[in-house]
Amino acid sequence: MNVLDTLFERGFIEKTTHDEDLRRFLSKGSAPCYIGFDPTASSLHIGSLVPIMSLAHMQRHGHQPIALVGGGTGLVGDPSGKTEMRQLLTEEEVNKNVLGLKKQLSRFINFSGDKALLLNNADWLTKIEYIPFLRDIGRHFSVNRMVKAESYKVRLESEEGLNFIEFNYMLLQAYDFLELCKQNNCRIQMGGSDQWGNIVAGIDLIRRVRQQTAYGITFPLITTSSGVKMGKTAKGAVWLDPERTSPYEYYQYWINTDDRDIARFIALFTFLPMEEVNEVEKLTGADLNSAKGVLAFEATKLAHGNDAAVKAYQGAKSMFGTRMVSKEIFPSSTIPRELETDTSDKSTGDIPCSDFTVAQLKEGIPAFKLFNRVGLSKSGGAARRLIEQGGAYINGRRVEVFDCMINMNDIEDMAILLRAGKKRYHKIVIKK
RNA sequence: GGUGGGGUUCCCGAGUGGUCAAAGGGAACAGACUGUAAAUCUGUCGGCGACGCCUUCGGAGGUUCAAAUCCUCCCCCCACCA
């Protein structure tokens, strides 16, 4: 089966250039293909999963993924992004971020040997000289055409406008593609749908400079059925770095998926076979919820490993009392299905914790202050409201009065379990 | 550089001297209903041990008993012109 078919079937492809040629090209044997990643942060987030997964699929089909970190372009800023211009990064920052990215990408892609490459475009972009660049590269670009590109058009018509440094972004990205074509014989670039213009510019440049055909594939913008861009929560992005978003929170993010998105997301964010994904539409009620558990488990397993996924699953089970997933639902998934041994039902996974000493609790602390202190409420006032509205629980019992004192008597098994609303937990661990 | 229009609480957006912690909507949070879903209904939505006090309306000053609202200077954004 051609990768293209896999990608199509799983919902990765919005459009491609030269449909038939591309298919033939991909079936001729191993082909390098690249996607650019932004090194402005030391961690990737869920929004980058589509590109990551598509590279992983490429690799599984015998092609060579190239993750290109934009150490150079990061200094310029892609205008198809947000209003603010990007922060200039120092070399050390970029290098540090590159390490972080590689670590995360390695979960999905095998970088051993030459099976996949991680490159930094700063290696060539920072060496560019202005006049030669204008003469050799710039002359191939028509401003008339660029202005019509969707990514610029939006900005040109918007209030913020577009400044010159950002206008150049397209040339730099096209140059990247040319460079990778030269160095690594890379002829395929993939990217988000907002990258279409930039990708096509690279293809044109390669044709003009090297008389070679290059190809492009774009991904659809993944939004949730409620219309929000993927990966956004009130608290901000959902990161792949376990230090920023714990596996438990990561798991919770997925389990809160909208019903309408389950099948689509399992196809995109797990490797479970499509025959099983297609069964999802037959599920209803609690079974549908089990499918969500499978999505959460498999996605967590990919990003954080099997152990972390099992832990997150167990935490969720003990907190929410989730039912077992029956064997008929996603038989290929390795989600735990038996009540097996069921080690101490107190395994709370890695829900957020904080430490308190016996001394701190001896005097007691008003409930609303406690909720505020551990971060379950943004302010004392918010904590009071939470309690007054009946949304605060300690060890499973509703807190009735906002300033009721919490002290030694509330300790159960050397811990106090706080809950805000239905889903947010926090465990206080008593030290010595 | 010139002219005109703007900067309001997480976002959009009313408010043009007191009745303004500031309408309305969205987001968010809690409750009910549920399946840790959606939809719906209800409540909350600057801070504070709280029917009171404190701090907010681009920044700094000023007028006034009283300023988001008036005046001065400054910063930033947008449109048109150069």
Side-chain angles (χ1 to χ4, degrees), chain A residues 82-85 154-163 223-229 231-238 248-266 280-297 299-300 312-326 329 335 348-349 351-352 363-373 375-394 396 398-406 417-426:
Chain A
K82 275 280 161 190
T83 39
E84 301 153 41
M85 278 228 330
V154 177
R155 282 292 289 275
L156 285 169
E157 286 165 9
S158 79
E159 296 216 323
E160 313 92 66
L162 180 73
N163 68 29
T223 52
T224 63
S225 288
S226 42
V228 187
K229 198 170 164 187
K232 286 269 179 162
T233 67
K235 280 177 236 135
V238 179
Y248 173 81
E249 291 169 288
Y250 192 80
Y251 184 94
Q252 288 299 316
Y253 173 80
W254 290 107
I255 208 131
N256 284 313
T257 299
D258 191 299
D259 278 9
R260 295 165 288 180
D261 295 326
I262 300 174
R264 208 168 106 239
F265 284 4
I266 293 179
V280 168
E281 56 191 55
K282 293 180 193 158
L283 303 177
T284 53
D287 284 345
L288 202 51
N289 220 33
S290 290
K292 243 180 251 192
V294 171
L295 167 62
F297 178 82
T300 307
Y313 168 78
Q314 279 170 349
K317 188 159 71 77
S318 75
M319 293 295 112
F320 295 100
T322 324
R323 256 160 296 202
M324 282 294 131
V325 178
S326 82
I329 296 169
I335 190 167
T348 47
I351 67 170
E363 303 167 21
I365 174 170
F368 77 105
K369 289 209 166 168
L370 186 61
F371 274 81
N372 181 215
R373 177 104 68 95
L376 284 172
S377 304
K378 270 191 284 217
S379 68
R384 283 169 71 133
R385 266 176 251 128
L386 178 73
I387 293 168
E388 275 155 16
Q389 290 176 138
Y393 295 79
I394 288 177
R398 183 175 271 181
V399 181
E400 304 291 349
V401 191
F402 82 90
D403 59 352
C404 93
M405 293 303 268
I406 305 306
L417 188 62
L418 305 183
R419 190 180 116 203
K422 267 173 246 176
K423 302 176 190 170
R424 286 151 52 229
Y425 283 92
H426 191 99

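Numbered from 1 within each chain, the chains take letters A, B, ... in sequence-line order.
Base pairing analysis places rA79(B) opposite rU3(B); the two distances defining the Watson-Crick or G-U wobble pair are each below 3.5 Å. rU72(B): Watson-Crick or G-U partner is rA60(B), with both key distances under 3.5 Å. Using Watson-Crick or G-U wobble geometry with both donor-acceptor distances under 3.5 Å, rA30(B) finds its partner in rU42(B).
Distance, Leu376(A) CG to rC29(B) P: 13 Å, rounded to whole Å. The CD-P distance, from Glu281(A) to rA37(B), rounds to 23 Å in whole Å. A straight line from CG of Asn289(A) to C1' of rA37(B) spans 7 Å, rounded to a whole angstrom. Counting to the nearest Å, the P atom of rG43(B) and the CD atom of Glu388(A) are 16 Å from each other. Tyr251(A) has its OH atom 10 Å from the C1' atom of rU36(B), to the nearest Å. Residue Tyr393(A) contributes atom OH, which lies 14 Å from atom P of rU36(B) at whole-angstrom precision. Spacing between atom CZ of Phe368(A) and atom P of rG47(B) amounts to 13 Å, rounded to whole angstrom units. Asp259(A) has its CG atom 11 Å from the P atom of rA39(B), to the nearest Å.
For Ala392(A) and Pro366(A), each mapped to the nucleotide of RNA chain B holding its nearest heavy atom, the one lying further toward the 5' end belongs to Ala392(A). In terms of position on RNA chain B, the residue among Arg398(A) and Gly321(A) whose nearest nucleotide sits closer to the 5' end is Arg398(A).
When atom types are taken as modelled, the side chain of Arg419(A) and the backbone of Tyr393(A) share no donor-acceptor pair closer than 3.5 angstrom. Panel note: side chain Tyr251(A), backbone Ala316(A); no donor-acceptor pair is recorded below 3.5 Å. Arg384(A) places no side-chain N or O within donor-acceptor distance of the main-chain N or O of Phe368(A), the cut-off being under 3.5 Å.
Taking the P atom of each, rG59(B) and rU55(B) are spaced 15 Å apart, rounded to whole Å. The separation of rC33(B) from rA37(B), taken at their P atoms, amounts to 13 Å, rounded to a whole angstrom. Rounded to a whole angstrom, the distance from the P atom of rG62(B) to that of rG43(B) is 45 Å. The gap from the C1' atom of rU56(B) to that of rC45(B) amounts to 16 Å, rounded to the nearest Å. When the C1' atom is used for both rC57(B) and rC11(B), the distance is 16 Å, rounded to whole Å. Atom name P, nucleotides rA23(B) and rG18(B): the rounded distance is 16 Å, in whole Å. Here the separation of rG46(B) from rA38(B), taken at their C1' atoms, is 32 Å to the nearest Å. For the C1' atom pair drawn from rC20(B) and rA68(B), the interatomic distance equals 9 Å after rounding to whole Å.
Evaluation of atom-type donor-acceptor distances gives a pair under 3.5 Å for the side chain of Gln389(A) against the base of rG43(B). Taking 3.5 Å as the limit, the base of rU34(B) and the side chain of Lys422(A) contain a donor-acceptor pair of atoms between them. Applying the 3.5 Å distance criterion, the base of rU36(B) shares a donor-acceptor pair with the side chain of Gln252(A). Contact annotation: side chain of Asp287(A) to base of rG35(B), donor-acceptor pair absent below 3.5 Å.
In this structure, Ser379(A) reaches the rC48(B) phosphate: one of its side-chain N or O atoms is under 4.0 Å from OP1 or OP2. For the OP1/OP2 pair of rA30(B) and a distance below 4.0 Å, the side-chain nitrogens and oxygens of Arg424(A) include at least one atom meeting the criterion. In this structure, Lys423(A) reaches the rA37(B) phosphate: one of its side-chain N or O atoms is under 4.0 Å from OP1 or OP2.
Thr257(A) comes within 4.0 angstrom of the backbone, heavy atoms only, and of no base. As judged by a 4.0 angstrom heavy-atom cut-off over every strand, Ala420(A) is placed among residues touching the sugar-phosphate backbone only. At the heavy-atom level, Gly421(A) lies under 4.0 Å from the strands shown only through sugar-phosphate atoms. Using a 4.0 Å heavy-atom distance criterion, Leu386(A) is classed as a sugar-phosphate-only contact.
For Lys292(A), the side-chain atoms get nearest to rG35(B) when compared with the rest of rU36(B), rG35(B), rU44(B). Side-chain proximity of Arg384(A) to the nucleotides rG31(B), rA50(B), rC45(B) is greatest for rA50(B). For Arg260(A), taking side-chain heavy atoms from C-beta onward, the closest of the listed nucleotides rA38(B), rG35(B), rA50(B) is rA38(B).
Residue Ile406(A) is tested with Ile365(A), Val399(A), Leu418(A) for a side-chain contact (heavy atoms from CB on, under 4.5 Å); the sole match is Ile365(A).
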